[in-house]
2 protein chains.
Amino acid sequence: MSTKVENIKNYLESKNVKPTYHRIMIMKYLEDSKEHPTAEKIYEDVVKTIPTISKTTVYNTLKVFVEEGIVEELNIAGTTTHYDLSKQDHDHFLCLECGRIYDISPEESLGRNCVDTIEGNKVDEVKCYYKGICKECLEKDN
Amino acid sequence: MSTKVENIKNYLESKNVKPTYHRIMIMKYLEDSKEHPTAEKIYEDVVKTIPTISKTTVYNTLKVFVEEGIVEELNIAGTTTHYDLSKQDHDHFLCLECGRIYDISPEESLGRNCVDTIEGNKVDEVKCYYKGICKECLEKDN
DNA sequence: TTTTGATTTGTAATGAGTACAAAAGTAGAA
DNA sequence: TTCTACTTTTGTACTCATTACAAATCAAAA
Ligand SMILES: [Mn+2]
Ligand SMILES: [Mn+2]
Ligand SMILES: [Zn+2]
Ligand SMILES: [Zn+2]
């Protein structure tokens, strides 16, 4: 509710991003989303609330969010980029059957054994992606 | 040399891939390549040896290789897929300055703490990607 | 040689993402 | 308020990696 929008506003400001209506709505969408939506999916859903929004604005906004460390890009699927709020660091699992992307809890995440240097190279980010068949699909298949 | 081509031939046959001239040449290119080339790069170089080869054949061949587990796709760069022979499992490091992709030795690779199940999901593959500034660029920058 | 199936080729199409310039919005100065 | 400068948003055109598809070529067996 209104409190939430207020929170998002403050959060964006704290990250040096001017909290426009579009940006707030996209941020809100990401916070409510349990999934890891693509730009296309974000557009499809947000356009229901803001019928005049353009796809370019979605891309622009995501770009700003990524630059400010608010959002992180997932390239687990190969074809399309998925987006995730940069909260606690965690790995991701892609189900090759249903296509869903699951969060791996930080405790189980390999990427958490994060190094800042590997073989002489300075590491700024680590991404660990798992692929296979998810729990739900395994059960359904039996 | 000829021994090598003979080896590749046998290897492809052992993987149930008919060892055509094109496939052998692409395989040879991958074996000689220290880098992690894109389909485009492979085409550019292989077309020097086989002037009539088409880009589609490169894509087709890589697809077959991936299906048979001969080659692995790297989606570390976001935009383009890079290809790597599936030898010993290892992680990769992308330098954000020079764009090169480095191998991480298997011993240092996080992905080798490989699990076959994570949080109830069946894991078929794990990919760990590091991004940052490579050793060479770090030295050059000083 | 004929037949059959696999491979290769060229071209057209797809689809995610970007470039760019015009339009609209915002906020402060005068 | 009006003017001005700057930022954001929009629509459209474009790029570029990859795929679809059908025709041509090749290979190997009968
Ligand atoms: Mn996540
Ligand atoms: Mn490698
Ligand atoms: Zn699933
Ligand atoms: Zn470098």
Side-chain angles (χ1 to χ4, degrees), chain A residues 8-9 12-13 15-29 36-68 70-84 94 99 101, chain B residues 8-9 12-13 15-29 36-68 70-84 94 99 101:
Chain A
I8 292 174
K9 219 177 216 170
L12 292 180
E13 265 164 357
K15 292 282 190 173
N16 295 310
V17 174
K18 198 179 287 185
T20 68
Y21 179 56
H22 292 141
R23 287 170 177 169
I24 292 170
M25 287 301 117
I26 290 173
M27 189 68 193
K28 190 156 134 54
Y29 177 79
H36 298 87
T38 61
E40 179 67 34
K41 182 72 165 59
I42 295 169
Y43 172 74
E44 278 174 19
D45 288 344
V46 171
V47 79
K48 292 171 192 160
T49 311
I50 315 175
T52 58
I53 199 173
S54 75
K55 204 176 285 184
T56 303
T57 296
V58 173
Y59 277 104
N60 287 342
T61 301
L62 290 169
K63 195 179 173 209
V64 170
F65 285 0
V66 168
E67 280 164 2
E68 300 307 323
I70 296 169
V71 154
E72 145 178 22
E73 296 183 289
L74 305 182
N75 289 313
I76 192 174
T79 42
T80 316
T81 301
H82 292 252
Y83 294 87
D84 196 11
L94 170 68
I101 297 171
Chain B
I8 292 173
K9 219 178 216 168
L12 291 180
E13 266 164 355
K15 293 280 190 174
N16 296 311
V17 174
K18 197 180 288 183
T20 67
Y21 180 56
H22 292 144
R23 287 170 177 170
I24 292 170
M25 286 302 116
I26 290 172
M27 187 69 192
K28 191 157 135 50
Y29 178 79
H36 299 87
T38 61
E40 180 67 34
K41 182 71 164 58
I42 295 169
Y43 172 75
E44 277 174 19
D45 288 344
V46 171
V47 78
K48 292 172 191 159
T49 312
I50 316 174
T52 59
I53 200 173
S54 75
K55 204 175 285 184
T56 303
T57 295
V58 173
Y59 276 103
N60 287 342
T61 301
L62 289 170
K63 195 179 173 209
V64 169
F65 285 0
V66 168
E67 281 164 2
E68 300 307 323
I70 296 169
V71 154
E72 143 179 22
E73 297 183 289
L74 304 182
N75 289 313
I76 192 174
T79 42
T80 316
T81 301
H82 292 252
Y83 294 88
D84 196 12
L94 170 69
I101 296 171

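Note on naming: letters A, B, ... go to the chains in the order of the sequence lines (proteins, then strands), and numbering restarts at 1 for each one.
The distance from atom NZ of A/Lys9 to atom P of C/dT26 is 11 Å, rounded to the nearest whole Å. If you measure from atom CD1 of B/Ile26 to atom C1' of C/dT9, you get 13 Å, rounded to the nearest angstrom. Atom-to-atom, NZ of A/Lys41 to C1' of C/dG15 comes out at 18 Å; the value is rounded to the nearest Å. B/Leu12 has its CG atom 15 Å from the C1' atom of C/dA6, to the nearest Å. A straight line from CD of B/Glu73 to C1' of D/dT19 spans 13 Å, rounded to a whole angstrom.
Not one N or O on the side chain of A/His36 forms a donor-acceptor pair closer than 3.5 Å with the backbone of A/His82.
Across every non-hydrogen atom of B/Lys15 and B/Glu68, the tightest pair is O-OE1, 3.4 Å.
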query = How does each nucleotide of nucleotides 8-18 of chain D score, in 5' to 3' order, for protein heavy atoms under 4.0 Å: base (B), sugar-phosphate only (S), or none (-)?
reply = SBBBB----SB

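Under the rule for a side chain to side chain contact (heavy atoms under 4.5 Å, CB included), the partners of B/Lys9 that lie at least two apart in sequence or sit in another chain are B/Glu6, B/Pro19, B/Ile24. Partners of B/Thr57 under the side chain to side chain donor-acceptor pair (under 3.5 Å) rule, at least two apart in sequence or in another chain, are B/Ser54.
Using a 4.5 Å heavy-atom cutoff, the side chains of A/Val47 and A/Val58 are not in contact.
Rounding to the nearest 0.5 Å gives a distance of 9.0 Å between OH of B/Tyr59 and CD1 of B/Ile42.
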